[in-house]
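Shown next, in structure tokens, is the structure this report addresses.
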Amino acid sequence: MDIVYIYVIGQECGPVKVGISKKPWGRASTIGTSAPFKVELLYCHPMNDREHARRHEQWFHRAHWDKRTSGEWFNIESDEAIESIQITITYEATLADAEVEDKAESARWTQ
């Protein structure tokens, strides 16, 4: 399994950058050297693989397109960005649990 993180880097009051990386701590350091303001790693969540992380990143980017300033930077407070990411992760887990329950229920009915 290739762990990749979805991360939020920036300032608590914004702006923030939402992206994916195998090493978000190093990514924050790299971004910090070129940013015109102090940035920090505000959040990271491990994902099973790059494709999984990419889906969540793309969802965030589409959901908050109106707050995009440039590239992967958004004029949004970190709390709102983190909550948005956590909602999609929780929703995905809920769907997966429901699918497992549906399969178990189907198996009981076919016995």
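- Considering only heavy atoms from C-beta on, Ser21 comes within 4.5 Å of Tyr7 through its side chain.
- Going from atom NZ of Lys38 over to atom CD of Gln11 covers 9.0 Å, rounded to the nearest 0.5 Å.
- Only one option out of Thr30, Val18, Val39, Val16 pairs with Ile9 in a side chain to side chain contact (heavy atoms under 4.5 Å, CB included); it is Val39.
- When side chains are defined from C-beta on, Arg50 counts as touching Lys22, because their heavy atoms get closer than 4.5 Å.
- Taking the six-membered ring for Trp and thresholds of 30 and 60 degrees, Phe74 and Phe60 have ring planes more than 60 degrees apart, a perpendicular arrangement.
- Shown here is Glu83, whose CD atom has no more than 12 heavy atoms of other residues, nucleotides or ligands within 6.0 Å.
- Taking the side chain as every heavy atom from C-beta outward, His45 and His56 never approach each other to under 4.5 Å.
- With rounding to the nearest 0.5 angstrom, the OG atom of Ser29 is 12.5 Å from the NZ atom of Lys23.
- Ion pairing between Glu51 and Arg54 fails under the 4.0 Å rule for side-chain N and carboxylate O.
- Not a single donor-acceptor pair under 3.5 Å links the side chain of Thr90 to the backbone N or O of Ile87.
- Note that the NZ atom of Lys17 and the OG1 atom of Thr69 stand 11.0 Å from one another [nearest 0.5 Å].
- For the pair Trp59 and Ser84, the minimum side-chain heavy-atom distance is below 4.5 Å.
- Between Gly10 and Trp73, the shortest heavy-atom distance links the atoms CA-CZ3, 4.3 Å.
- The shortest side-chain heavy-atom distance between Ile76 and His64 falls under the 4.5 Å cut-off.
- Annotation for Gln86: atom CD counts as buried by contact number, over 12 foreign heavy atoms lying within 6.0 Å.
- Taking CD1 of Ile82 as the start and CD1 of Ile6 as the end, the distance is 11.0 Å to the nearest 0.5 Å.
- Taking CD1 of Ile20 as the start and CZ of Arg55 as the end, the distance is 11.0 Å to the nearest 0.5 Å.
- From Met47, atom CE reaches atom OH of Tyr5 across 12.0 Å, with rounding to the nearest 0.5 Å.
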